[in-house]
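Structure first, commentary second.
Residue numbers start at 1 and run along the sequence shown.
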Amino acid sequence: MLLLLLVAAVDPVELLERIAERYAAATDYDLLVESTTSNRTDGGADKYRYSLAASWPRRLFASEESLRNEKFELSLGADGQSSWAWDPRGKRYTRNSGEVLQLKQIHHRFFHRFALLARMPGVTAAARGYAKVNGVRCQVIRLEAAQEQWTEDLCVDAAAALVRRSVFYSQRDFGLTKVRTTTVWREIRIGPEVPAERFQFTPPDGARRTNLLEWR
């Protein structure tokens, strides 16, 4: 009974601070993520799978694959010396410096933004019970930014100080369009160092070099 009382008394702010410290300290990690965005106005939905790896500050990797009818796949990488993008369906690739900026934005979305959880002005945090994600019992913490009209429910693995799932609610077009994005981290490995081969790319036979490949 005492253990149950202690678990129920989790301070969401203290927990978010521990999570922020864990993510801020991470330099090497490997992730597998699935994200679904649905539009409540027209019922449309998009679902993607992402694979990310990092060995900061110079090596980054990210791949995106559509899981809906419209097939799309793209990989981006930076190996410490050059950056690249690869479209396996079209057999096209690029080698441009612009991939690094895209990579940093993607990694912020799925990883580094959680290092900022302890510093979010205008955002309130409240405990909202528990949920199971991939078999792990998680504390649900609701973040709310009333002025910016969004809320986010984070399912947090308190023991590991990791975010296992996010459900993000937002409004667009002056509140006429309501959007829900559900993101699940299927795999999270932090440390040891990710092998250098994870970030390298050699164009296969028949690949064609192009000037631009766009991340969706």
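Hydrophobic clustering (side-chain heavy atoms under 4.5 Å, transitive across Ile, Leu, Val, Met, Phe, Trp, Tyr) keeps Tyr130 apart from Val136. Taking hydrophobic clusters as Ile, Leu, Val, Met, Phe, Trp and Tyr residues chained together by side-chain heavy-atom distances below 4.5 Å, Val184 does not share a cluster with Tyr29. Cluster membership for Leu154 and Val123, using ILVMFWY side-chain heavy atoms within less than 4.5 angstrom, is shared. In the hydrophobic clustering of ILVMFWY residues, with side-chain heavy atoms under 4.5 Å counting as a link, Leu32 and Phe199 come out apart. Connection of Leu74 to Val33 is established within a shared hydrophobic cluster, with ILVMFWY side chains joined at heavy-atom distances below 4.5 Å, either directly or through further cluster members.
Listed here is the closest heavy atom pair of Arg22 and Ala160: NH1-O, 2.5 Å. Closest non-hydrogen pair, Leu103 versus Gly77, comes out as CD1-C, 3.6 Å. When every heavy atom of Gln81 is checked against every heavy atom of Arg58, the shortest pair comes out as N-NH2, 4.3 Å. The minimum heavy-atom distance linking Ile106 with Leu76 is given by the pair CD1-CD1, 3.8 Å. Nearest heavy atom pair, residue Val163 against residue Ile188, reads O-CD1, 3.4 Å. Nearest heavy atom pair, residue Pro12 against residue Ala125, reads CG-O, 4.1 Å.
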From CA spacing to verdict: side-chain contact (heavy atoms from CB on, under 4.5 Å), His108, Lys104: CA-CA 6 Å; His108 177 82; Lys104 289 182 177 179; over 6 Å; no
Test side-chain contact (heavy atoms from CB on, under 4.5 Å) applied to Arg113 and Met120, step by step: CA-CA 10 Å; Arg113 72 184 181 94; Met120 299 179 69; over 6 Å; no
Determine, step by step, whether Tyr48 and Glu65 satisfy the side-chain contact (heavy atoms from CB on, under 4.5 Å) criterion, reporting the C-alpha distance in whole Å, the side-chain angles of both residues, the deciding distance to 0.1 Å, and the verdict. CA-CA 6 Å; Tyr48 292 90; Glu65 179 186 4; over 6 Å; no
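Just one of Thr182, Thr183, Thr181 meets the side-chain hydrogen bond (donor to acceptor under 3.5 Å, both in side chains) condition when paired with Thr37; it is Thr181. Looking at Arg186, Arg164, Arg165 one by one, the single match for salt bridge (charged side-chain N to carboxylate O under 4.0 Å, His left out) with Glu34 turns out to be Arg186.
Annotation: side chain of Leu143 is in contact with side chain of Leu117 (closest heavy-atom distance under 4.5 Å). Side-chain contact check for Ile190 versus Leu162: some heavy-atom pair is nearer than 4.5 Å.
A donor-acceptor contact shorter than 3.5 Å is absent between the side chain of Tyr93 and the backbone of Phe201. At least one donor-acceptor pair under 3.5 Å links the side chain of Asp28 to the backbone N or O of Val194. Between the side chain of Arg95 and the main chain of Ser82, no donor-acceptor pair closer than 3.5 Å is present. Looking at Asn134, its side chain does come within 3.5 Å of a backbone N or O of Trp185 through a donor-acceptor pair.
Ring-plane geometry between Phe61 and Trp84 is classed as tilted, the angle between the planes lying from 30 to 60 degrees on a 0 to 90 degree scale. Taking the six-membered ring where the residue is Trp, His112 and His107 present tilted rings, their angle falling between 30° and 60°.
Residues Phe111 and Trp56 place their aromatic rings such that the two centres sit no closer than 6.0 Å.
Under the 4.0 Å criterion applied to side-chain N and carboxylate O atoms, Arg142 and Glu144 are not assigned as salt-bridge partners.
Here the straight-line distance linking atom OG of Ser35 with atom CZ of Arg109 works out to 5.0 Å at 0.5 Å rounding. The CD1 atom of Ile19 sits 10.5 Å away from the CD atom of Glu17 when rounded to the nearest 0.5 Å. With rounding to the nearest 0.5 angstrom, the CZ atom of Phe168 is 11.0 Å from the CG atom of Asp153. Atom CG of residue Leu67 and atom CD of residue Glu73 lie 10.0 Å apart, to the nearest 0.5 angstrom. The CD atom of Glu64 lies 10.0 Å from the CD atom of Gln102; values are rounded to the nearest 0.5 Å. With rounding to the nearest 0.5 angstrom, the CG atom of Asp30 is 4.5 Å from the CZ atom of Arg198.
The 12-atom threshold is not exceeded at CD of Gln147, counting heavy atoms of other residues, nucleotides or ligands nearer than 6.0 Å.
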